[in-house]
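What you are looking at is a predicted structure, and each value in this text was computed from that prediction instead of being measured. Along the sequence shown, residues carry numbers from 1.
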Amino acid sequence: MALKNTYRRNISSDGKLEMSLQEFKKWIKKFDTNKDGKISKEELREAVRTNGGGWFSKIKGSHGMRVADSNGDGFIDEKEFKNLVEFAQRNLGVRVI
């Protein structure tokens, strides 16, 4: 489920998708396929792909994991979610308000 398709009405004048932190969390948790409360590299790649990452999904997903996974365990957990939000705002055309 692409972010822009889900939240189309919240596109700002600069083309960025505006959403609340709760909306962003709800969207990203849809990709937590094993429901462990963490986002893996593969799950993040799928989120990037569905949001229009296209050919660069793998690269953007890997970059997002490096940026967001501050403890290096290979997962983005609740403590690291702020890092994921910052990555999304810089790289995925999203503004979390």
Enquirer: If you compare all heavy atoms of K38 against all heavy atoms of E43, which two are closest, and at what distance to 0.1 Å?
Expert: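 Heavy-atom minimum between the residues: O-OE1, 3.1 Å.
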Enquirer: Only pairs under 3.5 Å count here: list side-chain donor-acceptor contacts from residues 61-68, not counting sequence neighbours, and write none if there are none.
Expert:
{"unit_1": "S62", "atom_1": "OG", "unit_2": "R45", "atom_2": "NH2", "d": "3.0"}
{"unit_1": "S62", "atom_1": "OG", "unit_2": "K58", "atom_2": "O", "d": "3.0"}

Enquirer: Do the ring planes of F24 and W27 sit parallel (below 30°), tilted (30 to 60°) or perpendicular (above 60°)?
Expert: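 The rings of F24 and W27 sit tilted, inter-plane angle from 30° to 60°.
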Enquirer: Please report the C-alpha distance between I39 and F81 in whole Å, then the side-chain angles of each, then the deciding distance to 0.1 Å, and finally whether the side-chain contact (heavy atoms from CB on, under 4.5 Å) criterion is met.
Expert: CA-CA 9 Å; I39 300 297; F81 201 79; 5.6 Å; no
Enquirer: Rounded to the nearest 0.5 Å, what separation is found between the CG atom of D77 and the CG atom of N71?
Expert: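 These two atoms lie 6.0 Å from each other.
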Enquirer: Show the nearest heavy-atom pair for residues D69 and F75, with the distance to one decimal.
Expert: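 Minimum heavy-atom separation between D69 and F75: OD1-O, 3.0 Å.
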Enquirer: If you measure from OG on S20 to NZ on K26, what distance do you get to the nearest 0.5 Å?
Expert: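 Taking OG in S20 and NZ in K26, the distance rounds to 9.5 Å.
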Enquirer: Check the pair Q89, V96 against side-chain contact (heavy atoms from CB on, under 4.5 Å), reporting the backbone distance first and the verdict last.
Expert: CA-CA 7 Å; Q89 290 186 126; V96 178; 3.7 Å; yes
Enquirer: Nearest 0.5 Å please: distance from the CD atom of E23 over to the CD1 atom of I28.
Expert: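 The CD atom of E23 sits 14.0 Å away from the CD1 atom of I28.
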Enquirer: Please report the closest heavy-atom contact between D32 and G37, naming both atoms and the distance.
Expert: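 Heavy atoms of D32 and G37 come nearest at OD2-N, 2.8 Å.
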Enquirer: Take atom NZ in K79; do more than 12 heavy atoms of anything else shown fall under 6.0 Å from it?
Expert: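 No, because the 6.0 Å sphere around NZ of K79 holds 12 heavy atoms or fewer from other groups.
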Enquirer: What do the steps show when you test I76 against L44 for side-chain contact (heavy atoms from CB on, under 4.5 Å), and what is the final call?
Expert: CA-CA 9 Å; I76 301 167; L44 183 57; 4.0 Å; yes
Enquirer: Closest heavy-atom contact between E46 and R49?
Expert: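 Where E46 meets R49 most closely, the heavy atoms are OE2-NH2, 2.5 Å.
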Enquirer: Going by salt bridge (Lys or Arg N to Asp or Glu O under 4.0 Å), name the residues that satisfy it together with E80, two or more places apart in sequence or in a different chain.
Expert: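 Here no residue qualifies.
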Enquirer: Rounded at 0.5 Å granularity, tell me how far CG in L21 sits from NZ in K82.
Expert: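 Reported value, rounded in 0.5 Å steps: 11.5 Å.
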